[in-house]
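Quick notes on the structure that follows.
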Amino acid sequence: MNLHNGELYWNTTEYKEMRKNDKKTPAAKYDVIVVGGGMSGALSAYTMKKQGLSVALIDKDKIGHGSTSANTGLLQYSNDIMLHELAQQIGEKDAVLFYKACRTAVEQLKETAAELDYDCSFHSRKSLYFASEKSDATRLQKEFEMLQRHGFEVEYWDRRTIEQHYPFSKEAALITFGDAEVNPLLFSQGVIDKARDMGVDLFEEVDITNYKEGEESVELLTSAGNFSAGQLIFAVGYDNAPFLEQEQLELNRSFVVTSSPIDDLADWKDRALIWETQRPYLYLRTTDDNRIIAGGLDEPFSEDGGSRKHLDERAGELSQQVRALFPMYAFDTDFSWSAAFGESGDQLPFIGRHPKKSRYYYLLGYGGNGTVYSMLGSELLADLIHKRQNPLEGLLKIGR
């Protein structure tokens with residue numbers, strides 16, 4: 001599957017090629033084999049190793065070269081579905097549980113970034129969530145009340161307050177705290193490098209040809225030899241997950257532009273992450289070298305990603321939306337791309353054990369918060385493998 005098209009920005013930053021793995025042949029047996037070397041696979045392997053398990057990570061391509069390089073690196077605990085609306089869908093208790101788990105996952109991502117051997121441009125940020133239409137102010141007021149009632153740090157800004165702090169005017173906005181931004185490619189590679197140094201065996205460009213289930217283990221027949229493991233974790237992104245029907249997955253494509261460096265971003269208060277209530281929504285962030293990254297204009301996925309002309313048109317639309325908010329910035333586009341992303345029918349990721357195959361686990365972080373779900377999911381799967389209780393197990397289970 002062609003996960004992205006266009007010119008990617010993160011490959012031009014201080015991206016480091018993954019250190020080569022000295023391991024040429026698989027060990028006799030692993031506690032866990034992780035299939036998939038993107039963000040979810042990296043965090044899964046790292047988490048399992050930290051918790052005392054022997055781990056191998058296998059990828060059919062180069063590790064870390066899939067959708068991770070097209071990630072925009074916004075890390076938010078708020079989801080594409082507001083907390084008060086999610087509460088109507090699954091109940092207030094479970095909705096709050098999920099939101100708090102996402103908030104904790106952002107904190108864990110921060111802790112993980114601090115453990116890496118090099119700077120991956122991780123910065124804690126506020127988020128500004130504005131009403132796209134005047135009528136959306138009522139929804140934001142409800143969201144503010146729900147978040148505040150359950151202990152989330154949040155502020156409600158009216159039009160006047162927004163105008164005092166930003167060069168644009170909107171009917172209302174929420175300011176939330178505890179979010180972050182990161183260079184996703186550097187972060188993912190840093191996690192892989194750290195996992196390798198801790199003893200995770202890495203295998204790139206390996207084709208899995210068959211799976212054989214035994215009483216004590218699962219055998220993988222591959223182009224790099226035969227592997228044996230007590231448990232398998234499939235962290236395969238938007239590719240088809242083996243042995244699993246993904247009927248609830250809706251695959252879309254989002255468009256992204258990155259500006260050339262801007263001399264002064266002083267009008268962008270606190271360099272907050274910015275997004276809006278409209279669906280599909282515009283989302284924005286800044287970078288260490290004073291660029292603006294903007295994304296949105298989501299549309300149904302197509303394998304070819306559309307024509308170059310279509311990508312340029314979408315990039316131009318995004319640039320215009322940024323200029324409407326920050327007219328003082330000359331937004332000259334240096335990079336533009338489109339990237340695939342998946343959404344589930346209920347807006348929640350699929351994380352857990354296969355309903356019928358007890359040794360097979362899945363971390364499928366569908367939605368706009370994929371990196372946050374990857375962190376949350378790696379902890380959940382570690383609990384399941386160690387037979388520990390986790391309150392998210394039923395909420396995110398496979399086959400729900």
Side-chain angles (χ1 to χ4, degrees), residues 1-4 18 30 32-48 55-71 184-185 188-189 191-192 195 200-211 213 218-224 227 229 231-253 301 303 339-344 348-357 359-378 380-382 384-385 396-400:
M1 182 184 296
N2 189 12
L3 295 173
H4 50 75
M18 185 187 73
Y30 297 95
V32 178
I33 292 177
V34 179
V35 179
M39 186 70 76
S40 294
L43 285 168
S44 294
Y46 182 57
T47 300
M48 300 301 155
V55 182
L57 186 152
I58 299 174
D59 197 288
K60 65 180 181 180
D61 298 311
K62 289 283 189 181
I63 291 175
H65 283 65
S67 59
T68 300
S69 57
N71 188 321
L185 191 56
S188 178
Q189 290 299 298
V191 171
I192 288 290
V200 173
D201 291 341
L202 309 177
F203 297 88
E204 295 184 305
E205 299 178 299
V206 173
D207 292 321
I208 301 174
T209 57
N210 200 6
Y211 300 83
E213 300 175 56
V218 179
E219 307 297 322
L220 279 68
L221 280 60
T222 84
S223 58
F227 290 74
Q231 319 289 340
L232 294 183
I233 294 176
F234 294 103
V236 293
Y238 305 128
D239 283 341
N240 290 327
F243 313 107
L244 194 65
E245 295 293 334
Q246 294 176 259
E247 295 177 358
Q248 295 190 64
L249 175 62
E250 178 183 342
L251 201 57
N252 295 310
R253 188 174 293 276
F301 176 80
E303 183 65 37
F341 73 98
E343 294 181 297
S344 65
L348 298 177
F350 286 96
I351 304 168
R353 184 186 290 110
H354 191 283
K356 297 180 181 179
K357 297 177 180 292
R359 298 186 183 278
Y360 293 3
Y361 297 78
Y362 299 83
L363 202 175
L364 306 175
Y366 303 148
N369 289 19
T371 302
V372 174
Y373 296 162
S374 295
M375 186 75 255
L376 177 158
S378 64
L380 170 55
L381 293 186
L384 295 180
I385 288 172
L396 305 180
K397 68 181 180 180
I398 307 299
R400 65 179 185 271

Answer yes or no: is there a side-chain heavy-atom contact under 4.5 Å between Leu57 and Phe203?
-> no
Could you check whether the rings of Tyr360 and Phe243 sit parallel, tilted or perpendicular, using 30° and 60° as the cut-offs?
-> tilted
Heavy atoms, side chains only, cut-off 4.5 Å: are Ser344 and Arg400 in contact?
-> yes
Taking C-beta and beyond as the side chain, do Met48 and Val200 meet within less than 4.5 Å on heavy atoms?
-> no
Please tell me if the side chains of Leu363 and Leu43 come closer than 4.5 Å, counting only heavy atoms from C-beta onward.
-> no
Closest non-hydrogen contact found for Ile63 with Gly37 is CG2-O, 3.4 Å
Which value, rounded to the nearest 0.5 Å, describes the distance between Leu185 atom CG and Met39 atom CE?
-> 8.5 Å
List the atom of Ser40, the atom of Ser374, and the distance in Å for their closest heavy-atom pair.
-> OG-OG, 2.6 Å
Checking Ser188 side chain against Pro184 main chain: does a donor-acceptor pair fall under 3.5 Å?
-> no
Could you give me the CA-CA distance, side-chain angles and deciding distance for Phe227 and Ile208, then say whether side-chain contact (heavy atoms from CB on, under 4.5 Å) is met?
-> CA-CA 10 Å; Phe227 290 74; Ile208 301 174; over 6 Å; no
Closest approach of Ser223 to Val206 (non-hydrogen atoms, all atoms of both residues) | OG-CA, 3.5 Å
Contact check, side chains of Leu364 and Val236, non-hydrogen atoms, under 4.5 Å = yes
Shortest non-hydrogen contact from Gly36 toward Asp59 = C-OD2, 3.6 Å
Go through the steps to decide whether Tyr362 and Ile233 satisfy the test side-chain contact (heavy atoms from CB on, under 4.5 Å), and finish with yes or no.
-> CA-CA 5 Å; Tyr362 299 83; Ile233 294 176; over 6 Å; no
How far apart are the closest heavy atoms of Ala229 and Leu232, and which atoms are they?
-> CB-CD2, 4.2 Å
Any side-chain heavy atom of Val35 within less than 4.5 Å of one from Lys60?
-> no
Distance col, row Asp207:CG vs Leu220:CG, nearest 0.5 angstrom, shows 12.0 Å
Would a 4.5 Å heavy-atom cut-off, applied to side chains only, mark His354 and Ile398 as touching?
-> no
Counting only N and O atoms by type, is there a donor-acceptor contact under 3.5 Å from the side chain of Gln231 to the main-chain atoms of Val32?
-> no
Check: Thr68 side chain, Gly38 main-chain N or O, donor-acceptor pair, under 3.5 Å = no
Check whether any side-chain heavy atom of Tyr366 lies under 4.5 Å from a side-chain heavy atom of Glu343, and answer yes or no.
-> no
Glu219/Asn210 under side-chain contact (heavy atoms from CB on, under 4.5 Å): CA gap, chis, key distance, verdict = CA-CA 8 Å; Glu219 307 297 322; Asn210 200 6; over 6 Å; no
Measuring from Asp61:CG to Glu205:CD, what's the distance to the nearest 0.5 Å?
-> 7.0 Å
Measure the CZ-CD1 distance between Arg353 and Ile385 for me, rounded to the nearest 0.5 Å.
-> 8.5 Å
Let me see the working for Leu376 and Leu396 under side-chain contact (heavy atoms from CB on, under 4.5 Å), right down to the final yes or no.
-> CA-CA 11 Å; Leu376 177 158; Leu396 305 180; 3.7 Å; yes
Interatomic distance, CG@Leu244 vs NZ@Lys357, rounded to 0.5 Å, equals 11.0 Å
